[in-house]
Protein chains: 6
Amino acid sequence: MKSKPNKQKLRFGLPKGSLQEATIEKMAKAGWNVSVSSRSYIPYVDDDELEIRMIRAQEISRYVEHGYLDCGITGHDWIVENGSKVHEVGEFLFSKATRKPTRWVLAVPEDSPIRSAKDLNGKRIATEVVNLTKKYLRKHGVKAEVEFSWGATEVKAHELVDAIVEVTETGSSLRANNLRIVDELLVSTPRLISNHDSWKNNWKRQKIETLALLLKGAMEAEAKVGLKMNIEEKNLQSLLTSLPALRRPTISNLSQQGWVAVETIIDEHVVRELIPQLKAAGAEGIIEYPLNKVVY
Amino acid sequence: MKSKPNKQKLRFGLPKGSLQEATIEKMAKAGWNVSVSSRSYIPYVDDDELEIRMIRAQEISRYVEHGYLDCGITGHDWIVENGSKVHEVGEFLFSKATRKPTRWVLAVPEDSPIRSAKDLNGKRIATEVVNLTKKYLRKHGVKAEVEFSWGATEVKAHELVDAIVEVTETGSSLRANNLRIVDELLVSTPRLISNHDSWKNNWKRQKIETLALLLKGAMEAEAKVGLKMNIEEKNLQSLLTSLPALRRPTISNLSQQGWVAVETIIDEHVVRELIPQLKAAGAEGIIEYPLNKVVY
Amino acid sequence: MKSKPNKQKLRFGLPKGSLQEATIEKMAKAGWNVSVSSRSYIPYVDDDELEIRMIRAQEISRYVEHGYLDCGITGHDWIVENGSKVHEVGEFLFSKATRKPTRWVLAVPEDSPIRSAKDLNGKRIATEVVNLTKKYLRKHGVKAEVEFSWGATEVKAHELVDAIVEVTETGSSLRANNLRIVDELLVSTPRLISNHDSWKNNWKRQKIETLALLLKGAMEAEAKVGLKMNIEEKNLQSLLTSLPALRRPTISNLSQQGWVAVETIIDEHVVRELIPQLKAAGAEGIIEYPLNKVVY
Amino acid sequence: MKSKPNKQKLRFGLPKGSLQEATIEKMAKAGWNVSVSSRSYIPYVDDDELEIRMIRAQEISRYVEHGYLDCGITGHDWIVENGSKVHEVGEFLFSKATRKPTRWVLAVPEDSPIRSAKDLNGKRIATEVVNLTKKYLRKHGVKAEVEFSWGATEVKAHELVDAIVEVTETGSSLRANNLRIVDELLVSTPRLISNHDSWKNNWKRQKIETLALLLKGAMEAEAKVGLKMNIEEKNLQSLLTSLPALRRPTISNLSQQGWVAVETIIDEHVVRELIPQLKAAGAEGIIEYPLNKVVY
Amino acid sequence: MKSKPNKQKLRFGLPKGSLQEATIEKMAKAGWNVSVSSRSYIPYVDDDELEIRMIRAQEISRYVEHGYLDCGITGHDWIVENGSKVHEVGEFLFSKATRKPTRWVLAVPEDSPIRSAKDLNGKRIATEVVNLTKKYLRKHGVKAEVEFSWGATEVKAHELVDAIVEVTETGSSLRANNLRIVDELLVSTPRLISNHDSWKNNWKRQKIETLALLLKGAMEAEAKVGLKMNIEEKNLQSLLTSLPALRRPTISNLSQQGWVAVETIIDEHVVRELIPQLKAAGAEGIIEYPLNKVVY
Amino acid sequence: MKSKPNKQKLRFGLPKGSLQEATIEKMAKAGWNVSVSSRSYIPYVDDDELEIRMIRAQEISRYVEHGYLDCGITGHDWIVENGSKVHEVGEFLFSKATRKPTRWVLAVPEDSPIRSAKDLNGKRIATEVVNLTKKYLRKHGVKAEVEFSWGATEVKAHELVDAIVEVTETGSSLRANNLRIVDELLVSTPRLISNHDSWKNNWKRQKIETLALLLKGAMEAEAKVGLKMNIEEKNLQSLLTSLPALRRPTISNLSQQGWVAVETIIDEHVVRELIPQLKAAGAEGIIEYPLNKVVY
């Protein structure tokens, strides 16, 4: 890193707004502390080679394409909606609570006669993703009016328009509004994207790849835990055979004769099923511990 | 799990209100992500076999007894107050800050002449646990008027009634109100309870036991930490002998000749006394790390 | 600990106000749970040998000097400003976000003609640290009027006074106010200080040293992480040679022939540079995990 | 007021909780400034002859009956629920937004087969007003189980019980929970009540009557406004005849020949219908102004 | 709906979001109490002939044009931006604090070379009002790229685009962002608009006019106050002559010989200049009182 | 106002912090709308001749004395504490709730042996007003140590010092801390103060006097109300004689023969005693209305 020119900087766009806090937390887990001040629009980051900009998720791909940003994190949905020409470096899963990706769906009131895209002919649709929706209509050979919705789209489906195209994860907000999902237009996850020229620059590309590696490692770690247990050596083989979830465990010898320590990294959501099975297989002193990063 | 019928569900009641956030956090540590929406009274949980209901701690035992809920988490106090006939599956300690259980106590103003249950004859007592209080009076052969208090019970002791029966942990709120504790009526901890019929159902019982095992594991982990250190092999025996707190440590050989790594799980609150002793006994590179679950 | 008199207590002052929450969190990590009630000015702590007092950081050194407190945590700046005669037991670094110490700086508007201490002759300076500022002026042989500022000092620099002496970490608040740093008067970090007499008392000194050891261990742990990886034995030596950051790793034999597990404790902020290098050197299954305490 | 004994005091209970702020505001409009401190359970009031106590609305009638309070403001519903023997001094209408009284209603899910009280036989009902509900069942000769609800009663109607008795004003919260009102048990408004003995004491009675007069005046004023307009004398009579709402207006002569000023106090909610009519009848310069008190 | 009686309703759109609270307050002053529940998207209003809908100000004109709403309150800016064909019933001034209308302005960084519309050729402009901006560019014969801004537009002017078209009242937010106003595109005030068909319906038109009359009256009252004073009759004429602000005062005779009471309605913002003059002219006992409505 | 130079400005300091909101509200009532932005330290005011600065109450007199401010509003206490040489233009009473001025008192724990100033010899006193306290000690010929308190002074009296000098209005906070008032050092009310030179400048003086007149008028109006009633002419004289509180009422003739309207401005806090007497004296249709300003 010694011969790098003094002023080399990577301009990195993070999503402002509802995802802001979660993103900054991820960055911290990856190893970069970002602090946003209410007095300045340029956040502080403890890396002289980075310049952070907080920008609406909807607009990041536009500014990466134009080169104002070297790279950024935004949703696949907005890259498609904007039709931005950018290099996609990696995909991340942010939402731990449900582990489900974001979906843009066509929804109508429970009692609407609309049952499929075909029924939309001549109707009026409100949405924040006008381009995505028009593309969907074209694909189905349907003619309908699409209007940009400034917000509270779910409420509109009951009176103001015939259908909406709205974002959802678990569908619970749609259900609470007595809306029925007719079709799914797009499944979206967060992406790290790069400007095409920045990607061709060696220093920038390497910096972006390091960011991607560590962000990936931090996000992997959110969905994984460390699991450690002691077991008699004679029971070990049957434990490993019957439990393929224990992928490539580290087995270390204990000073106590005939016992080994088994340690592995595992998806957190299988632990609740695994632990009763481990106990049944003779494991003792099972502990689960949290991880900051997992890099294979 | 393959032959289980499609629709098998366990209805599980969690305490709404002041304990809600802590309980949901515990559930997450145990491995179940629950999310409560302001728009729906049925929380989301990432387990198709569970149906969560948020219900006041005071009422959970009533609905478990009646079978509306298969099981639930509530305090021992409210099970007793309601006189509910339920199966108690397990006991948990929630409050980390003080590690003291909840106590229902008889309290009076500092300068009250009341010194024991006997002095309550003909007096008026305000409390949220009317049945518990009446039982206590009967036990002591005392006749007094017990009135249900809708809240702010501590303030009443000074003017509106002669004594109160109120809940406390450290007693600091009572002291701040210049009240004196006369007697203790009940010590209470959170319990996992089950409806008697649900407990007889094999599938439900197994599901409840899994929940109990993992909740227990998560709560154990809150009061425990992992401790790891290196020590010369020659000092090991005297370390282990003099420090019985280091129960069943895992000893692993290091590649460095004559040194071993000692690792153990230990009550977090003894660490502050133990570490100086470990250093004195020759331990080096002592680290303490957090745990998610501990299952023996 | 058996022969210690019944009532032996250590009175310990913690900073009230903006640092309060962070300090209580540190205490918890060190092993002491402190809870501050809005109804009582004496916080609860789960150690019978401690009495906590929450006092402004500005005043703690004064009360430690007078003996009202046996010891306390406060900033080096206020010890100097108050000219307090106390024993300094240890130094801590609190602020994780930036890992930069607090600095008291002389600042003026961007377009001010003031370029150095010399230019302050006959000027008016507002500050919360009047003594520190006067000392600085004396050192430079400058005569200027120093007035105590009750707050919002940064705003005053533009109209009400000629310069200010103000506290900053990253300087971003000063920049946002269009102020320029002229000079640095003092760099300050949190300190554990003791009254001189308390330090001579054996029991108190030992108690203070235990507090210092565990607070230090907790703070060390904030800036450090555990790193664990598997590597083929044949690659181990070159890994260790090329990466001096891996100070004194624990090498344990794995049951898998020819592979070892390498584990070490490392500064969290070098991890983002280290992990790509570890991968390049042949490490696999790299995980990073959080620590509660690190005691060498 | 001169011969009144030095220490004569009236102890006055105001409802704590959701009505607290509104009540204190009403007291201020009536002429008594009450300030509640978080540090003291006895509020300050700028009248040496009053002692205020903030008590749950549910409990005020109990303490007025027992004589701990001389008088208090509480709802008619809780007086009936408690079966308290108190003197009712006056009735007030608090809620300006809707000008509808509080109603306790029997409600069931939209699709419940329960259509009238008769259908409740053998059912289970949750409510905060257990006595009121039992009385209602007795009146209809129905046997059903009534259980005390600690809160969130509306949610229970869908699963935990068959029906609820719950409080409502506009019914919108019931509708939002998909509940249907089956019957109305009680209509309730706030009352000023007095202990029977206090009412017999001349000084206390006079003090209570003054409070009642001014509270009444303040509440009247909330629902009324002053209306003032100029009109030609020749149009006056037809204006007054056609608009009986202009009850007893004050007519004053203007210096401008042939014109008079008409001023009246009027219900605020008729103004929106009246003003267009006044304009049509020739009124000019119509102004509406707010009132603090109206005492006939 | 033609024979009105029972079911005649007017659907009225109010702006949701930042103007919502102010609008509901205005409605209350006009005589209609609207209450928005978090559980229902249809607000309650105490008038059976009205149906309120809360809709983004940006979208109201669109839904009025289409006939989903009979009428609504929105800004002139969004009517123009949407190109909506609606009937404008009246104009209101909402913002009391500054009494300045909303302005959409072209702004650039302080040090930008852009000095007029002409300089925008080939530049990139971010704005929420894309149509308004394009129209402006056409008018000046300028070709520039206009991109929709999802928010935080002011921040973009420094790096992401060359200029912005943004809304402002006092310009202080622009100044705080170091932006310079180059030109003004549109001055906007709130309007009451009606659907063209609804306006032709007699019942609806009359209802809308009543709403307009009373909203106007309520808003007039916000900017006006009542002023009342006593003066000797001999000084009256010179008072009235020298102070034309006292438009058409009501003069009433007092019982005190030679004195009259002068009362008038006056713009609140001239009072601070008028009162010293009134005193100088011999007025006594000057009082200013607040108004709810002023209808000429 | 015609010959006033273009740029004539009055710089006016208002107290920042706890009094800020109340002061801005008073300014608005007086006729000047001030709005404080979080982005700019110079508030907006709708008067080109004014420049507002928000400054701590403790510091305003200092900057008025030095001429940085032409005038300002601050407490008498801080003028004395700072020993500032300024012209006092007027005194205001801000606090409506209690109508009691601010008092600086010497306070000690309930059970302290300190009973008067004399008992302070050799003691330690904590206070925010060090100069005021030293002056008080000198006056009583007492030698004691006075230390500046950075806050939470009341808590210190129990352990850290022997006595405090603290500010109070009703004394309820002191009582809640179990402190006893020993003596009163100073009674303080808000003052409008002017720099001596500014006061000699005709234009500035006139501007300050107008501000004083209208602020005074606005504050008078807070403690006063308008009272209006009808009464038969024959009862008028006895009404006026027996009720001197009805100072200089306006009597106007009604068109109804034999009746007059009586209108007066009166202290709000006497209304609660007056209205019952007015009714007894034959008054009818009594209304009380709020005032914005009262200028005699």
Side-chain angles (χ1 to χ4, degrees), chain A residues 1 24 27-47 49-50 206-207 209-218 220-221 224-226 228 233 236-237 240 247-254 260-266 289-296, chain C residues 95-100 154-155 168-179 221-231 250-257 259-263 266-281 283-292:
Chain A
M1 233 166 269
I24 285 176
M27 285 295 288
K29 286 192 172 172
W32 283 267
N33 294 298
V34 175
S35 67
V36 179
S37 152
S38 64
R39 300 294 302 270
S40 163
Y41 66 97
I42 301 186
Y44 169 87
V45 61
D46 59 353
D47 182 345
E49 299 175 355
L50 275 191
Q206 195 177 326
K207 186 85 192 173
E209 283 177 336
T210 297
L211 280 162
L213 178 73
L214 288 155
L215 278 164
K216 194 98 181 174
E220 279 289 332
K224 297 210 181 307
V225 291
K228 206 185 289 193
E233 216 157 356
L236 179 63
Q237 203 46 51
L240 298 181
R247 191 169 59 112
R248 303 206 321 161
T250 301
I251 318 287
S252 37
N253 301 314
L254 294 186
V260 290
V262 180
E263 185 161 8
T264 192
I265 303 307
I266 201 167
Y289 59 92
L291 302 171
N292 288 344
K293 293 197 189 72
V294 174
V295 178
Y296 296 116
Chain C
S95 167
K96 191 194 177 188
T98 59
R99 286 192 205 94
K100 293 182 181 161
E154 284 164 347
V155 166
T168 186
E169 281 184 26
T170 64
S172 70
S173 176
L174 293 172
R175 271 193 303 277
N177 277 294
N178 295 316
L179 298 179
E222 295 219 330
K224 298 211 181 305
V225 292
L227 208 61
K228 206 185 289 193
M229 72 209 74
N230 296 339
I231 192 162
T250 301
I251 318 286
S252 36
N253 301 313
L254 295 185
S255 52
Q256 189 179 357
Q257 203 62 33
W259 283 76
V260 291
V262 178
E263 185 162 7
I266 200 168
D267 276 359
E268 193 251 341
H269 76 275
V270 307
V271 170
R272 70 192 194 204
E273 284 164 26
L274 193 60
I275 282 183
Q277 296 170 294
L278 292 175
K279 275 201 75 170
E284 288 189 8
I286 306 166
I287 64 163
E288 180 197 311
Y289 59 92
L291 302 172
N292 287 345

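Just so it is clear, the values below take in all heavy atoms, side chains as well, and ignore hydrogens, waters and symmetry mates. First the proteins, then the strands, lettered A, B, ... as listed; each starts at 1.
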Item to check | Trace of the side chain to side chain contact (heavy atoms under 4.5 Å, CB included) decision for C:K279 with A:L213 | outcome: CA-CA 11 Å; C:K279 275 201 75 170; A:L213 178 73; 4.1 Å; yes
Chain C contact via [X] - which portion, at a heavy-atom distance below 4.5 Å:
| X | value |
| --- | --- |
| A:E220 | neither |
| A:A30 | backbone |
| A:A28 | backbone |

Item to check | Results of salt bridge (Lys or Arg N to Asp or Glu O under 4.0 Å) for C:R272 - residues two or more places apart only | outcome: A:D46, A:D47
Checklist entry - Partners of A:K29 by salt bridge (Lys or Arg N to Asp or Glu O under 4.0 Å), sequence neighbours excluded? => result A:E222
Next on the checklist: As an exercise, state the distance from CD of C:E288 to CG of A:L214, rounded to the nearest 0.5 Å.
Outcome noted: 8.5 Å
Item to check | For the student: nearest non-hydrogen atoms of A:P290 and C:P290, plus distance | outcome: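 Where A:P290 meets C:P290 most closely, the heavy atoms are O-CD, 3.3 Å.
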Item to check | Atom of A:Y289, atom of C:I287 and distance for their closest heavy-atom approach | outcome: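 Closest heavy-atom pair between A:Y289 and C:I287: OH-CD1, 3.9 Å.
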